[in-house]
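Chain letters run A, B, ... following the sequence lines, proteins first, then strands; residues in each count from 1.
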2 protein chains.
Amino acid sequence: MVSDSSSKRLTIYDLARLAETSPSTVSAVLNGTWQRRRISKKLASKILSLAQAEGYSANMQARALRSERSGIIGMILPLYDNRYFSSIAQHFESEARRRGLFAIVSCTNRDPKQECEAARMMLAYRVECLVCTGATDPDTIAQMCAESGVQSINLDLPGSKAPSVISNNREGARQLTHAILNRLVEEKRSDDPVLFIGGRDEDHNTRERIAGFKQAREEVGLVTAEENILPCDYAADKAQTALERYMLKRSTPPSAMFVNSTISLEGIVRGLQLNGYYLDDIIFGCFDWDPLAAAFHPRLMMVRQNVIEMIDRVFELIDTPPQDPHLLIEVQPEIMGV
Amino acid sequence: MVSDSSSKRLTIYDLARLAETSPSTVSAVLNGTWQRRRISKKLASKILSLAQAEGYSANMQARALRSERSGIIGMILPLYDNRYFSSIAQHFESEARRRGLFAIVSCTNRDPKQECEAARMMLAYRVECLVCTGATDPDTIAQMCAESGVQSINLDLPGSKAPSVISNNREGARQLTHAILNRLVEEKRSDDPVLFIGGRDEDHNTRERIAGFKQAREEVGLVTAEENILPCDYAADKAQTALERYMLKRSTPPSAMFVNSTISLEGIVRGLQLNGYYLDDIIFGCFDWDPLAAAFHPRLMMVRQNVIEMIDRVFELIDTPPQDPHLLIEVQPEIMGV
DNA sequence: CTAGCATGCACAATCGGTTGTGCATAGCGT
DNA sequence: ACGCTATGCACAACCGATTGTGCATGCTAG
């Protein structure tokens with residue numbers, strides 16, 4: 001490693017001087033097109049070993065500028081801090097890496113303005129594709145991408161201007177609800193009501209989950225009272241107060257609850273603990289997955305969305321872009337702890 | 001919005017044609033140096049509104065290439081999937097955004113090879129600074145950065161070739177241990193042993209935490225037997241089997257445990273549940289923070305590292321790079337649930 | 001002996017910005 | 001009327017790669 005004392009980094013021009021050849025030849029060798037350009041094997045290996053020895057690393061900005069390919073793929077994400085979104089980020093990254101792409105992920109706090117701003121930044125950095133995860137307003141972003149000629153894909157929440165990959169929320173909710181109801185039967189409490197709590201009723205996923213919940217109950221001959229459906233938003237505090245308000249009318253907590261995310265579960269559990277209720281007898285079904293929570297509670301069943309398959313589907317869409325922007329791919333989640 | 005049907009994006013040359021001026025003028029106006037270049041206010045606002053109307057967005061690759069400033073700041077991270085690391089990523093991102101920088105975060109699975117590879121990529125994209133979080137081998141990366149003339153900073157785990165920002169692990173552990181011991185006294189079980197479990201004894205943080213643990217016990221006149229210190233690595237399975245092996249000699253679980261991360265806690269709780277032990281009486285102190293876990297267990301105390309302050313310190317170091325690469329900044333964590 | 005092709009490489013334009021410099025014109029003082 | 005400065009902008013070089021094209025040279029075939 002000769003690394004100049006000058007902090008300037010090596011360019012193909014430096015390598016060309018060192019190898020006594022031309023920059024274009026160095027470029028061809030380093031980006032693998034040298035056979036097509038009929039560079040001799042001898043010169044090629046000379047340049048390669050030189051580059052190695054000197055620790056050359058290509059300036060991606062220059063490459064991107066000239067080749068019109070940034071090598072970057074972007075994702076916007078609501079939050080990192082739950083197992084679902086963080087594993088989405090993680091798999092997205094490693095899958096991108098496997099394909100020689102550099103993944104950049106931006107966290108937008110479920111805020112449409114931040115989503116737009118992040119998308120604008122990503123487009124400025126000339127991402128080759130933008131994956132829009134759990135966006136509150138996916139269509140605006142899809143529109144921005146389309147105007148820049150950049151492919152976009154929706155993940156977790158569907159949109160109408162770009163293909164979408166989501167979980168089969170209805171079927172997952174149906175299965176989770178059946179699991180809850182079976183557990184009630186096993187424990188001879190089949191007449192007790194089940195409370196659905198958490199999520200937003202404007203949001204596609206919540207609506208589907210409510211539909212699955214009702215459908216499962218219908219399938220065993222139960223009708224669902226609207227008062228037992230509480231889409232009070234996701235936040236822990238909202239869920240906690242919603243439950244407290246619900247319980248004003250009754251003296252005991254519901255024997256079973258369908259909780260629409262771990263963050264809602266957090267509020268609910270905290271509220272019940274604070275009020276001195278014994279938790280272990282309550283049957284929880286949570287449409288989300290957190291192994292630490294699952295370890296703590298014996299009657300907690302969880303839906304684990306199939307992140308690996310979802311990310312695979314996303315990259316398949318990237319490889320062969322579909323014609324239909326309404327394309328909706330639903331991936332089956334798994335019920336844990338039944 | 002006139003957006004050409006041609007998918008080509010607008011450049012300063014297009015804007016110059018539209019505004020009947022020169023590209024250099026457009027550039028000066030758009031990057032704010034127009035006053036210094038004595039462009040008339042009239043022309044400036046004409047160009048600005050044109051850029052707005054046409055939805056111009058600068059090509060960051062071109063800008064970075066010419067100005068030698070990518071506007072990118074990088075971070076490598078072991079994992080996303082716990083509250084500590086995910087909030088590090090989240091605050092890093094928003095703080096970077098506040099400073100007009102674009103954050104890119106890469107997940108390296110505690111694997112030195114992946115860490116190196118990610119650092120290489122980041123350097124190829126000409127990050128202006130690299131923050132190295134919880135790296136297994138921070139010095140190698142600091143070395144790579146130094147050779148490229150890029151500033152680097154260690155976070156969470158210290159290194160010797162770049163300044164480091166970490167939690168005050170020893171003091172945090174000392175306080176957590178005191179909290180555990182106080183609880184034992186309150187519950188009249190002060191003679192029961194306390195088990196330290198989880199972490200790696202090669203790792204700086206674990207060593208410090210063990211030291212803090214022992215120190216706290218010493219301060220109340222207790223000596224710590226080495227058999228009660230089990231740095232069995234972080235993974236859930238490792239912790240589970242380590243605890244099971246430990247319990248072969250005794251019939252009941254320890255009344256109190258100092259658990260060195262939520263991932264270890266997961267294995268321990270799961271193991272105890274599987275073996276039918278009643279958890280709620282066990283006092284847990286966990287050097288990590290997870291509000292959902294905290295909601296579930298009444299006797300779980302947790303250490304919440306002060307991520308916001310740590311990230312602030314990191315950016316202060318970026319703003320005014322210190323001369324001494326051995327600089328170690330320790331941030332006080334907070335004990336939750338005492 | 002020479003046309004013709006393959007081989008091996010160098011030249012130069014280009015991507016889209018940034019920035020040092022230079023050149024008009026206008027305004028001002030004397 | 002003349003010189004001087006201030007104003008307002010355009011020119012062109014450059015950042016570091018990629019890539020179409022062209023020019024020697026060597027070899028083969030006729």
Measure all distances between protein nitrogen or oxygen atoms and nitrogen or oxygen atoms of nucleotides 24-28 of chain D, and list the pairs falling under 3.5 Å.
none

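- Within the structure, no pair that satisfies the ring-ring contact (aromatic ring centres under 6.0 Å, His included) test touches residues 23-63 of chain B, not counting sequence neighbours.
- Salt-bridge annotation for K113(B) and E117(B): absent, with no side-chain N of the basic residue lying under 4.0 Å from a carboxylate O of the acidic one.
- For P23(B), the side-chain contact (heavy atoms from CB on, under 4.5 Å) criterion is met by I12(B), Y13(B), A16(B), not counting sequence neighbours.
- Applying the ring-ring contact (aromatic ring centres under 6.0 Å, His included) test to pairs two or more places apart or on separate chains, those with a residue in residues 113-134 of chain B are F102(A)-Y125(B).
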Revision key, fill the gap. With sugar-phosphate taken as primed atoms, P, OP1 and OP2 and all else as base, the protein-contact string of nucleotides 12-17 of chain D at under 4.0 Å (heavy atoms; B, S, -) is BBBBBB
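- Each end of the helix from dC1(C)-dG30(D) to dT30(C)-dA1(D) gets its own axis, taken as the rotation carrying the C1' atoms of four end pairs onto the next four within a five-pair window, and the two axes meet at 60° to the nearest 10 degrees.
- A salt bridge is absent between K161(B) and D139(B); no separation between the charged side-chain nitrogens and carboxylate oxygens falls under 4.0 Å.
- Taking each heavy atom of R120(B) and M144(B) in turn, the nearest pair found is N-CE, 3.8 Å.
- Annotation: side-chain contact (heavy atoms from CB on, under 4.5 Å) contacts of L43(A) (sequence neighbours excluded): T21(A), T25(A), I39(A), S40(A), K46(A), I47(A).
- Residues D156(B) and N205(B) meet the side-chain proximity criterion, which asks for heavy atoms closer than 4.5 Å.
- Note on T21(A): only backbone sugar-phosphate atoms sit closer than 4.0 angstrom, heavy atoms only; bases stay farther off.
- The side-chain contact (heavy atoms from CB on, under 4.5 Å) search around C145(A) returns L123(A), L130(A), I141(A), V150(A), S152(A), not counting sequence neighbours.
- Screening residues 74-98 of chain A for ring-ring contact (aromatic ring centres under 6.0 Å, His included) gives Y80(A)-Y80(B), F92(A)-F315(A) as the qualifying pairs, with residues at least two apart or on separate chains.
- The backbone N or O of R36(A) sits nowhere less than 3.5 Å from a side-chain atom of T33(A) that would complete a donor-acceptor pair.
- Read 5' to 3', the first and last nucleotides of DNA chain C with an atom closer than 4.0 Å to a heavy atom of chain A are dT7(C) to dG16(C).
- Nucleotide dA6(D) holds its C1' atom 16 Å from the CD atom of Q35(B), rounded to whole Å.
- Take L48(B) and apply the side-chain contact (heavy atoms from CB on, under 4.5 Å) test, not counting sequence neighbours, and it matches V29(B), L30(B).
- In this structure, the side chain of T136(B) does not engage the main chain of D111(B) through any donor-acceptor pair within 3.5 Å.
- Across residues 39-49 of chain A, I39(A), S40(A), L43(A) each have a non-hydrogen atom less than 4.0 Å from an atom of DNA chain C (numbered order).
- At a threshold of 4.0 Å, the pair D319(A)-R99(A) counts as salt-bridged, since one of the basic side-chain nitrogens sits closer than that to a carboxylate oxygen.
- Between C107(B) and R97(A), the closest heavy-atom pair is O-NH2, 3.0 Å.
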